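Treat the numbers as computed from the prediction; the structure is a model and nothing was measured.
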Amino acid sequence: QVQLVEAGGGLVQAGGSLRLSCAASGSSFIINTMGWYRQAPGKQRELVARITRGSSTNYADFVKGRFTISRDNAKNTVYLQMNSLKPEDTAVYYCNADWRTIIDILYREVWGQGTLVTVSS
């Protein structure tokens with residue numbers, strides 16, 4: 001079983017920046033794609049950005065040009081650099097990963113506990 005732990009959330013003013021991190025831990029696992037999702041009060045969880053093991057990226061339209069996703073495969077960690085934050089970015093941000101054990105063929109999905117990002121006007 002793989003666990004994901006997010007960190008880096010907090011309170012910032014509009015226009016500010018935050019850097020989120022998500023570290024995967026476990027035993028004898030392989031991770032493929034990792035991603036960041038967010039959920040605001042009264043809203044559905046939505047994709048923010050995702051990144052393959054080879055560092056190919058995909059972003060939601062509402063964060064293009066402001067957020068950057070990256071990963072360190074040696075550390076099994078994914079990051080989300082968030083710049084020019086807006087009040088509408090306020091949400092709980094969740095890390096996601098597709099993983100398998102050494103003996104598995106198909107990948108499984110795991111979610112982190114979430115980290116709160118609050119952007120004030």
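Contact annotation: the side chain of M34 never approaches that of N76 to less than 4.5 Å [non-hydrogen atoms, C-beta and beyond]. Residues I30 and I102 meet the side-chain proximity criterion, which asks for heavy atoms closer than 4.5 Å. In this structure the side chain of N83 reaches within 4.5 angstrom of the side chain of Q81, judged on heavy atoms. E109 has its side chain out of reach of W99: every pair of non-hydrogen atoms, C-beta onward, lies at least 4.5 Å apart. A 4.5 Å side-chain heavy-atom check between N96 and L47 finds every atom pair outside the cut-off. At least one side-chain heavy atom of Q113 sits less than 4.5 Å from a side-chain heavy atom of E6. Considering only heavy atoms from C-beta on, V78 comes within 4.5 Å of I51 through its side chain. Inter-residue side-chain proximity for Y59 and V48 is flagged as unmet; no heavy-atom pair is nearer than 4.5 Å.
L18 pairs in a side-chain contact (heavy atoms from CB on, under 4.5 Å) with only one of the listed residues (L80, L11, V119, V117), which is V117.
Counted by atom type alone, E46 and Q39 present zero donor-acceptor pairs between their side chains at under 3.5 Å. A side-chain N or O of R38 and one of Y93 form a donor-acceptor pair less than 3.5 Å apart.
Within the cation-pi definition used here (under 6.0 Å to the ring centroid, within 45° of the axis), R19 qualifies as a partner of Y79. The side-chain tip of R45 points at the ring of Y94 from less than 6.0 angstrom away and within 45° of straight on.
When hydrophobic clusters are built by joining Ile, Leu, Val, Met, Phe, Trp and Tyr residues whose side-chain heavy atoms come closer than 4.5 Å, directly or via intermediates, F62 is grouped together with V12. No single ILVMFWY cluster, assembled from side-chain heavy atoms under 4.5 Å apart, contains both L20 and V92. When hydrophobic clusters are built by joining Ile, Leu, Val, Met, Phe, Trp and Tyr residues whose side-chain heavy atoms come closer than 4.5 Å, directly or via intermediates, L4 is not grouped with L116.
Using a distance-only test at 3.5 Å, with no hydrogens or angles considered, no donor-acceptor pair links the side chain of D104 to the main chain of L106.
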Original post:
Under the side-chain hydrogen bond (donor to acceptor under 3.5 Å, both in side chains) criterion, do D98 and T33 qualify, and how do the steps go?
Top reply: CA-CA 6 Å; D98 295 321; T33 299; 4.7 Å; no
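To the nearest 0.5 Å, atom SG of residue C22 and atom CZ of residue R71 are 10.0 Å apart. Put simply, CG on D89 and OG1 on T118 are 11.0 Å apart, with the number rounded to the nearest 0.5 Å. To the nearest 0.5 angstrom, I103 atom CD1 is 9.5 Å from S28 atom OG. To the nearest 0.5 Å, atom CD1 of residue I69 and atom OG of residue S56 are 10.5 Å apart. Note: M82 CE to T68 OG1 = 11.0 Å, rounded to the nearest 0.5 Å. The NZ atom of K75 lies 15.0 Å from the OG atom of S25; values are rounded to the nearest 0.5 Å.
A centroid separation of 6.0 Å or more is found between the aromatic rings of W36 and F67.
Within 6.0 Å of the CZ atom in R50, the count of heavy atoms belonging to other residues, nucleotides or ligands does not exceed 12. Around CD of Q13, the count of heavy atoms belonging to other residues, nucleotides or ligands within 6.0 Å does not exceed 12.
Nearest heavy-atom pair, I31 versus Y107, reported as atom, atom and distance to 0.1 Å: C-CE2, 4.4 Å. For the pair A40 and A91, the tightest heavy-atom approach, listed with the atom from each and the gap, is N-CB, 3.8 Å.
The pair D61-K64 counts as a salt bridge, with a side-chain nitrogen and a carboxylate oxygen less than 4.0 angstrom apart.
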